[in-house]
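Shown next, in C-alpha cells, is the structure this report addresses.
Any value given below was found using the heavy atoms of this structure, including those in side chains, with hydrogens, waters and symmetry copies removed. Letters A, B, ... mirror the listed sequences (proteins, then strands); counts begin at 1.
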Amino acid sequence: MAAPIFALVDCDHFYVSCERVFQPRLEARPVVVLSNNDGCIIARSQEAKALGLAMGDPYHLTRETLARHSVDIFSSNYALYGDMSRRVMETLAAQASEVEVYSIDEAFLNLAGLEWRGLTDYASHLQATVRRHTGIPVSIGIGPTKTLAKIANHLAKAHPDAGGVFEIAAVDVDHALAGVEVGDVWGIGRRWAAWLAGQGIHTARDLKHADPKAIRRKMTVVGERIVYELNGRSCLPLELVAPPRKGLTVSRSFGQPLTRLEPITEALLQFVGRAGEKLRRQRLMTEHVMVFVMTNRFSTTRPFYSQSATMRLPYPTDYTPDLLRAAVQLLERIYRPGFHYQKCGVMLMDLSPAAYHRRDLFNTRDQVRQSRLMCALDQLNADHGAHTVHFGNLGGSRPVWAMRQAFRSPRYTTNWKELPVVR
DNA sequence: TCTGGGGTCCTAGGACCC
DNA sequence: TCTGGGGTCCTAGGACCC
C-alpha cells in the first residue's frame, strides 16, 4: 500500500468566516467572535489580529480597544457554526476518498494516488470548491505526516503569497522548519515549549534533530512521536472511523453569580436535559453521573470553591428522569451556602452503545414506554426549537442564570424564523 | 460587574490478587 | 541476617487539542 500523503484542510478564522458568509459587509473589516457567556475572544479576522487582539483575551479587558477600532463583535452561534462545518465536511468528503474530520474547522485527507494531478494543484482546486459551495475560505498544508501537514498549513497561512496552499516536500524541509517556533508545533503547548527552550530547542528544526529518547523522558511517548513525525516517519494514522466517545459534558457559566440552591438547580436541570438529548442522539447510555459546581476562580475578593460528586447508576440509562434524579441528589451533596457560584455542569461517563442494553430481562422498568417518551420529547424539541418541552421550571421569562449573549447573529441556516432575507 | 466549553491521552502510584 | 514478583485495575494529575 502506498504511503499516505496527508493534507490538513483548515478553515480560516472559521467562526468569523461563518458570520461573513451572511453579512458580506464584514469583509476586510476587523471582526471577533466571543466565547460562551461573552467571556473571551475565540476567533479573530486577520484585521482583528493586526490590532493586537489575542486568542483568549477577556472581552471585558479589551472592550475599549474593540470600541476604538469599531471592531464588529459576535457572541458565538454554535447552531450556525456546526451547520456550516457540516457543509464544509460534506464538500470535502465528495472530493476525497479518505477524510478524517478532526475538529469543527479542520479535516485531514489522504492524497496518496493523486500525485499525477500535482498535489498543489489538486489542493487549490479543493480550496476553490469549498469556497464556491460554502463561502468558507480554507488553507491547506500537505506533508508526509500529520505533524508536517499541520506545519505546512501554518506556513500556508503565514505566507499569503502561497495562495493558502503549501506542500512541505516541495521546499527544503529543514529551512522551512527553522522558521517555525517550537511552540507552534502541533502537540507542543506552553509548558513543554518553555522546557524545550531551556534545553536550547527553539524551532521545529531544533526539535526534529533532538534525541527522541531524551524527549521521551520528559514528554512521554507523545513527545517522542512528535520528533519522529517531524523526521517524516508517520506515527499518527488517519482515523477514518471516529473512536467511541468516553464521556459527555454539559456545563455553562452563569450570566451572574448565584448564591441560592434553587436557581443553580434550575440551571443544572437544563444542562442534564441537554446531556440526555446528546446521549440519545448518539445512541449511547451512561452508568456514571458526575455533577460539579465552582465559584469564580479569578476573584480576588471572594473565596474559591470547587467540588464534584459522582454517582454510579444501578443500570445503564439514557432516560432523562433517571439522570435528573441523580443530578439533584449530587448537587445537594456538594452545594454549600455562602459561596458565589459561577458555573456548574454535569458529566456522563462510562458510555456504551444503547443497543447493548435494550431488553435487559432483569430490569423491570418499562423501557419501551420510557424510550418512546424520550423520542417524542427529542422530536418536539427538534421540530419546534430547543426548550419547547423541558424539565424544570423556567418560569417563562429569561432565567437569572442565563448566559450572556449580547451579540448573537441569527441562526440563518438552522431556524426557519431566522432565515436570511434577500432584498 | 465582567476571564468558554468540550474533549483526549499518558504516567505514576496504590490497592489488590495470586 | 534474610520479608517476592508480576499482573490488573483504578485514580489523580498533568499535559495537550480545538
ask   = When the nearest nucleotide of DNA chain B is assigned to A/Pro257 and to A/Lys278 on a heavy-atom basis, which residue is associated with the more 5' position?
value = A/Pro257

message = Expressed as a whole number of angstroms, how long is the span from A/Leu351:CG to B/dG6:P?
response = 14 Å

query = A/Glu47 and A/His69: side-chain hydrogen bond (donor to acceptor under 3.5 Å, both in side chains), yes or no, with the steps?
reply = CA-CA 10 Å; A/Glu47 299 75 14; A/His69 295 95; over 6 Å; no

query = Under 4.0 Å between a side-chain N or O of A/Arg216 and OP1 or OP2 of B/dC10?
reply = no

query = Which nucleotide, C/dC16, C/dC18, B/dT11, lies nearest any side-chain atom of A/Arg191?
reply = C/dC16

message = Under 4.0 Å, heavy atoms only, any strand: does A/Arg217 hit a base, just the sugar-phosphate, or nothing?
response = nothing

inquiry  = Please find the pair of heavy atoms, one from A/His340 and one from A/Pro257, that lie closest to each other, and give the distance.
reply    = CB-CB, 4.0 Å

ask   = According to the interplanar angle, ranging from 0 to 90°, do the rings of A/Tyr59 and A/Phe407 count as parallel (below 30°), tilted (30 to 60°) or perpendicular (above 60°)?
value = perpendicular

message = So if I take every side-chain heavy atom of A/Lys246 and compare against B/dG4, B/dG7, B/dT8, which nucleotide ends up nearest?
response = B/dT8

key: Touch class at under 4.0 angstrom, heavy-atom based, for A/Asp105 against every strand present   = sugar-phosphate

key: d(CG, A/Asn296; P, B/dT1) in whole Å   = 12 Å

query = Aromatic rings A/Trp186 and A/Phe108: how do their planes relate, parallel, tilted or perpendicular, breaks at 30° and 60°?
reply = tilted

inquiry  = Is there a side-chain contact between A/Lys208 and A/Asp174 in this structure, where contact means two heavy atoms from C-beta onward sitting under 4.5 Å apart?
reply    = yes

ask   = So A/Phe271 and A/Trp401, would you call those rings parallel, tilted or perpendicular, with 30° and 60° as cut-offs?
value = perpendicular

ask   = At under 4.0 Å, does any side-chain N or O of A/Ser251 touch on OP1 or OP2 of B/dG6?
value = yes

query = Please give, in whole Å, the distance from B/dG6 P to A/Tyr78 OH?
reply = 9 Å

query = Do NZ/NE/NH1/NH2 and the carboxylate oxygens of A/Lys150 and A/Glu229 come within less than 4.0 Å?
reply = no

request  = From the options C/dC18, B/dT3, B/dG4, select the nucleotide whose nearest atom is closest to the side chain of A/His60.
outcome  = B/dT3

request  = Take the protein atom CG of A/Asn37 and the nucleotide atom C1' of B/dC2, then report the distance between them rounded to whole Å.
outcome  = 9 Å

ask   = Does a side-chain N-to-carboxylate-O contact under 4.0 Å join A/Arg281 and A/Asp378?
value = no

key: Atom-to-atom span, CZ of A/Arg225 to C1' of C/dA15 - whole angstrom   = 13 Å

request  = Measure from the side chain of A/Arg245, starting at C-beta and using heavy atoms only, and say which of B/dG6, B/dC9, B/dT3 lies closest.
outcome  = B/dG6

Nearest-neighbour nucleotide for the A/Lys150 side chain, B/dC10, B/dC2, C/dC18 considered = C/dC18

note = Closest to the side chain of A/Lys343, out of B/dC2, B/dG6, B/dG5, is B/dG5

ask   = Any idea which of B/dT11, B/dG4, C/dA15 is nearest the A/Gln342 side chain?
value = B/dG4

query = How would you label the contact of A/Phe271 with the nucleic acid (heavy atoms, under 4.0 Å): base, sugar-phosphate, or nothing?
reply = nothing

request  = Using a 4.0 Å heavy-atom cut-off across all strands, classify A/Leu34 as base, sugar-phosphate, or nothing.
outcome  = nothing

request  = Could you let me know what B/dC18 is paired to, Watson-Crick or G-U wobble, both distances under 3.5 Å, or none if it's on its own?
outcome  = C/dG5

task = Report which part of the nucleic acid A/Leu248 touches: base, sugar-phosphate, or nothing (heavy-atom distance under 4.0 Å, all strands).
result = sugar-phosphate

note = Closest to the side chain of A/Ile42, out of B/dG4, B/dG6, B/dC2, is B/dG4

message = So, does A/Ser253 get its side chain near the phosphate of B/dG5, meaning an N or O under 4.0 Å from OP1 or OP2?
response = yes

ask   = So what does A/Gln256 hit on the nucleic acid, given a heavy-atom distance under 4.0 Å: a base, only sugar-phosphate, or nothing?
value = nothing

key: Protein-nucleotide distance (A/Glu106, atom CD; C/dC17, atom P), rounded to Å   = 11 Å

query = Taking atom P in both B/dT3 and C/dC17, what distance in whole Å separates the two?
reply = 24 Å

request  = Determine the contact category for A/Tyr59: base if any of its heavy atoms lies under 4.0 Å from a base atom, sugar-phosphate if only primed atoms, P, OP1 or OP2 are that close, otherwise nothing.
outcome  = nothing

ask   = Which listed nucleotide (B/dT11, C/dC16, B/dG4) is nearest to the side chain of A/Trp192?
value = C/dC16

query = When rounded to the nearest Å, what value does the distance between P atoms of B/dC2 and C/dC18 take?
reply = 30 Å

query = To the nearest Å, how far apart are A/Met294 CE and B/dG4 C1'?
reply = 12 Å

message = Please report the distance, rounded to the nearest Å, between CZ in A/Arg312 and P in C/dC10.
response = 10 Å

note = Whichever of A/Met55 and A/Val222 has the more 5' nearest nucleotide on DNA chain B, that residue is A/Met55

ask   = From B/dG7, B/dT3, C/dC18, pick the nucleotide closest to the side chain of A/Phe298?
value = B/dT3

message = Tell me whether the side-chain N/O atoms of A/Arg404 come closer than 4.0 Å to OP1 or OP2 in B/dG4.
response = no

